[in-house]
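One structure is given here, and the rest of the page talks about it.
Residue numbering restarts at 1 for every chain, and letters A, B, ... go by the order of the sequence lines.
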Protein chains: 2
Amino acid sequence: MGITERKEREKEEMRKLILGAARKLFLENGFEKVSIRNIADAIEYSPATIYLYYKDKNDLLYALHQEAFHKLTGEFQKVFVRNDPFERLTEMGRTYFRFAFENPELFDLMFIMTAPMDALECRDDIWNEGRTAFGLLVQIVQECIDKGIFQHKDAEVASMMIWSAVHGYTALFLRKRLDMFDENRRKEIMEEAFTLFTETIRRGL
Amino acid sequence: MGITERKEREKEEMRKLILGAARKLFLENGFEKVSIRNIADAIEYSPATIYLYYKDKNDLLYALHQEAFHKLTGEFQKVFVRNDPFERLTEMGRTYFRFAFENPELFDLMFIMTAPMDALECRDDIWNEGRTAFGLLVQIVQECIDKGIFQHKDAEVASMMIWSAVHGYTALFLRKRLDMFDENRRKEIMEEAFTLFTETIRRGL
DNA sequence: TTGCTTACTAAACACCGTTCAGTACTTTTG
DNA sequence: CAAAAGTACTGAACGGTGTTTAGTAAGCAA
């Protein structure tokens, strides 16, 4: 049946058209300022049409959330060119932060906004993107343990601790809680805090 | 002039009436689900009246944000009953996290939501609440340095690092990014990650 | 008592996410 | 080939949202 295949293809293209317009608008104006109506206008369809391809706005945000995870996972792969596991780890931390800095809207969607998690929850699915990315971290931490760089034996707990530390100042920064430091000091203090963290775990973990 | 004083007092009472209703509704239903109209209904005034006492919704949220900081600062004071500075520090970390657990909506307002920071920004004021609370942390970290518990000499950078770590998993938890662990494991892994962090900085900072 | 100020509100403005009845077009069937 | 069935899409509405403004009514001062 060539027709049903073509229809399938057209349906998929329409999903991509919507997602593309949504991505463009969201990245240009931020998630807060873009409505379904704006997206519909951009692709010259009625707002109702979007609901034939995505359940609701959260569903659309979840699709972008997935895309963003592909992007971050791609960046994470690059740290594996390094041989020293501890270097891999620090580089991964820097990648996480750099990604947030360069793609603040995407990072927000991935790790701060509740919308995409609500989408997952209501279709009671699990957060595979998060699991996979966290898995990469655990893997590297395990290597550090195996090589005797870290004394602590539970790679998952150690990974959680490391993720928290790196996520912490990233999230504080993005949500403007570091604006109490003036702009120059802000970058400096974040850089120094990160370095201090890596040194500290190198010695004490 | 007794009349202008009474008017002043009445104005202040009205602000409290609004704030009280807002607090009640926000804590009951979450910030997302409460509108200015809901608050107006609760106090039996028209929505427009609220705008005579608060500039906009962000302004109202900022007032609650301030209240919440008073509450947290109060909790932080309690850690000073301990004599050992390192114990003060770990207890402060636990207080931060416990506060978030017990008052998720308030914590969100204090450290995650952008609304109250936008209110600050548009009247270009600075975040004194944040400064003060961070100051308490720096003070304790300085004590740890003075007593030779930490080797690193910059208390502000060390404090930033510690805040990040504690904030990190708190924020990840509140924004449902730890739901990938099942409920029992979730609490366990957070507890263990926190303990691991304290042990690590004890040895390595 | 008149005029002025204050406190308040009804109604509107310009949006929002979402749903649904109905239309126009395409495909399948007899 | 015509009729029936199915698909893709939309206009218009529903029930909200934050916010502004013109206008009213009461309190106070002269």
Side-chain angles (χ1 to χ4, degrees), chain A residues 1-19 21-22 25-26 29-64 109 113-119 121-123, chain B residues 1-19 21-22 25-26 29-64 109 113-119 121-123:
Chain A
M1 269 308 202
I3 289 170
T4 52
E5 276 170 24
R6 174 175 57 82
K7 295 241 165 174
E8 194 92 355
R9 219 167 46 233
E10 281 172 356
K11 193 134 194 162
E12 198 48 49
E13 264 168 43
M14 189 61 168
R15 278 182 67 93
K16 277 184 189 164
L17 182 69
I18 294 167
L19 198 64
L25 288 173
F26 282 138
N29 313 312
F31 294 106
E32 299 264 278
K33 284 168 191 153
V34 179
S35 66
I36 296 286
R37 282 174 171 85
N38 295 153
I39 298 166
D41 280 354
I43 58 172
E44 296 176 292
Y45 278 85
S46 118
T49 303
I50 291 174
Y51 289 87
L52 301 173
Y53 297 88
Y54 291 93
K55 192 186 151 290
D56 55 22
K57 204 183 178 184
N58 285 350
D59 198 29
L60 195 50
L61 287 172
Y62 176 70
L64 285 174
L109 198 54
M113 287 176 65
T114 52
M117 298 327 252
D118 294 342
E121 202 170 49
C122 86
R123 76 167 90 139
Chain B
M1 267 308 203
I3 288 169
T4 50
E5 277 170 25
R6 175 175 57 84
K7 294 242 166 174
E8 195 93 353
R9 219 166 46 231
E10 281 172 356
K11 193 134 193 159
E12 199 49 49
E13 264 168 43
M14 189 62 167
R15 278 180 67 92
K16 277 184 189 164
L17 181 70
I18 294 167
L19 198 64
L25 288 173
F26 282 138
N29 313 312
F31 294 106
E32 299 264 278
K33 284 168 191 152
V34 180
S35 67
I36 296 285
R37 280 173 173 83
N38 296 154
I39 298 166
D41 280 354
I43 57 171
E44 296 176 291
Y45 278 85
S46 115
T49 302
I50 291 175
Y51 289 87
L52 301 173
Y53 296 88
Y54 291 94
K55 190 186 152 288
D56 55 21
K57 204 183 178 184
N58 286 350
D59 199 29
L60 195 49
L61 287 172
Y62 176 68
L64 285 173
L109 198 54
M113 286 176 65
T114 53
M117 298 328 252
D118 294 343
E121 202 171 48
C122 84
R123 78 167 89 139

Checklist entry - Counting just side-chain N and O atoms, does A:Y53 come under 4.0 Å of either OP1 or OP2 of D:dC9? => result yes

Item to check | B:N38 side-chain N/O to D:dG16 phosphate OP1/OP2 under 4.0 Å | outcome: no

Checklist entry - To the nearest 0.5 Å, how far apart are OH in B:Y51 and CG in B:D59? => result 10.5 Å

Checklist entry - Looking only at side-chain N and O atoms, does A:S46 come under 4.0 Å of OP1 or OP2 in D:dC9? => result no

Checklist outcome for this item: Here the gap from A:I43 atom CD1 to A:L17 atom CG, rounded to the nearest 0.5 Å, amounts to 5.0 Å

Checklist entry - From the list D:dC9, C:dG17, D:dT20, which nucleotide is the closest neighbour of the side chain of A:Y51? => result C:dG17

Next on the checklist: With a 4.0 Å limit, can you tell me whether B:Y45 has a side-chain N or O closer than that to the phosphate oxygens OP1/OP2 of C:dC8?
Outcome noted: yes

Next on the checklist: Under 3.5 Å, is there any donor-acceptor pair linking the side chain of B:R37 to the base of D:dG16?
Outcome noted: no

Item to check | Comparing A:K33 and A:A48 on DNA chain C - which has the more 5′ nearest nucleotide | outcome: A:K33

Item to check | Spacing of A:I39 atom CD1 relative to C:dC16 atom P, expressed in whole Å | outcome: 10 Å

Next on the checklist: In this structure, how many angstroms lie between the C1' atom of C:dG17 and the CG atom of A:D118, rounded?
Outcome noted: 15 Å

Checklist entry - Quick one: is B:S35 getting a side-chain N or O under 4.0 Å of the D:dG16 phosphate, OP1 or OP2? => result no

